[in-house]
Amino acid sequence: MSHMTISSDKAELDVPAIHHFLSTQSTWAIGIPLATVQRAIDNSLCFGAYIDGDQVAFARVVSDYATFAYLVDVYVLEEQRGKGYSKRLMDAVMAHPDLQGLRRFMLATSTAHGLYAQYGFTPPLRPASLMERYVPDLYQAMV
């Protein structure tokens, strides 16, 4: 297995590569504009995972760093999947000092329940208390 490094330094992020993945290969942000990705990165705690300087994975956390966090945009490039990189990325996210002692840490997933369950994520204990405004095809409608 190649040596992977993980950093939360935004200066190291390959923003065009992140935008390319999210806008063309993700199941949740097809068509997202580059400016939206950049604004999201600017206002989030971001994690990049790199092999030989090339970004192979990404995760983003939106948080007040005191009570709440929301994990979004987690991916590992398809050709790098199955090597344990998503687990290493999640280890880094969950160990980050600014994300300790949170009362609620949320995420949405359609495919990786098993991964997130290893970190204590469960279906909502009180689903009736959660509400959302969700526009799944927002980015396609913008074009």
Side-chain angles (χ1 to χ4, degrees), residues 2 4-124 126-143:
S2 299
M4 183 176 76
T5 59
I6 298 172
S7 173
S8 58
D9 181 352
K10 291 181 193 178
E12 296 180 29
L13 293 173
D14 185 342
V15 176
I18 294 166
H19 172 251
H20 177 76
F21 182 90
L22 293 176
S23 66
T24 66
Q25 298 172 45
S26 74
T27 57
W28 62 91
I30 295 297
I32 190 170
L34 175 59
T36 303
V37 172
Q38 185 64 63
R39 192 166 71 238
I41 287 170
D42 290 346
N43 292 290
S44 301
L45 173 61
C46 299
F47 297 81
Y50 309 89
I51 295 174
D52 300 326
D54 294 324
Q55 188 167 334
V56 299
F58 178 72
R60 187 168 68 81
V61 178
V62 180
S63 182
D64 63 7
Y65 304 116
T67 65
F68 176 82
Y70 190 66
L71 177 65
V72 291
D73 292 342
V74 179
Y75 72 83
V76 174
L77 294 179
E78 189 170 355
E79 62 271 17
Q80 298 294 343
R81 293 179 188 162
K83 300 177 182 179
Y85 294 156
S86 62
K87 190 167 184 338
R88 298 238 340 261
L89 183 59
M90 281 302 299
D91 288 345
V93 169
M94 299 308 291
H96 194 282
D98 291 343
L99 300 176
Q100 304 308 304
L102 301 173
R103 184 167 182 259
R104 177 166 284 153
F105 202 149
M106 298 181 72
L107 61 83
T109 185
S110 59
T111 59
H113 296 80
L115 170 66
Y116 299 120
Q118 296 174 51
Y119 297 92
F121 289 89
T122 66
R126 296 177 40 208
S129 70
L130 299 177
M131 298 176 70
E132 69 178 352
R133 284 183 55 189
Y134 180 50
V135 185
D137 299 324
L138 177 67
Y139 307 125
Q140 292 93 321
M142 294 172 73
V143 212

Would you find a donor on one side and an acceptor on the other, under 3.5 Å apart, between the side chain of [X] and the backbone of [Y]?
X: Gln100; Y: Met94; answer: yes
X: His19; Y: Ile32; answer: yes
X: Gln55; Y: Asp14; answer: yes
X: Tyr50; Y: Glu12; answer: yes
X: Thr67; Y: Leu102; answer: no
X: Tyr119; Y: Lys87; answer: yes

[X] side, atom [atom1]; [Y] side, atom [atom2] - distance, nearest 0.5 Å:
X: Phe68; Y: Ser63; atom1: CZ; atom2: OG; answer: 8.0 Å
X: Asp91; Y: Ile6; atom1: CG; atom2: CD1; answer: 7.5 Å
X: Phe121; Y: Leu71; atom1: CZ; atom2: CG; answer: 6.0 Å

Would you name the heavy atoms of [X] and [Y] that are closest together and state the gap between them?
X: Ser26; Y: Leu22; answer: OG-O, 2.7 Å
X: Tyr139; Y: Ile30; answer: CB-O, 3.3 Å
X: Arg81; Y: Val76; answer: NE-O, 2.7 Å
X: Tyr65; Y: Ser44; answer: OH-C, 4.3 Å
X: Met4; Y: Arg88; answer: O-NH2, 2.6 Å
X: Arg126; Y: Ser129; answer: O-OG, 2.7 Å

Partner of Phe47 by side-chain contact (heavy atoms from CB on, under 4.5 Å), out of Lys10, His96, Arg60: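 Of Lys10, His96, Arg60, side-chain contact (heavy atoms from CB on, under 4.5 Å) with Phe47 is met by His96 alone.
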
For the pair Tyr75 and Phe21, name the ring-plane relationship: parallel under 30°, tilted 30 to 60°, perpendicular over 60°.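 If you compare the ring of Tyr75 with that of Phe21, the planes turn out parallel.
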
Would you indicate whether the side-chain heavy atoms of Ile41 and Phe58 approach each other to under 4.5 Å? yes

In the structure I gave you, are the side-chain heavy atoms of Thr27 and Thr111 within less than 4.5 Å of one another anywhere?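 Heavy-atom side-chain distance check fails, nothing below 4.5 Å.
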
For Asp9, which residues count as a side-chain hydrogen bond (donor to acceptor under 3.5 Å, both in side chains) partner, sequence neighbours excluded?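 If we apply the side-chain hydrogen bond (donor to acceptor under 3.5 Å, both in side chains) test to Asp9, skipping adjacent residues, there are no hits.
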
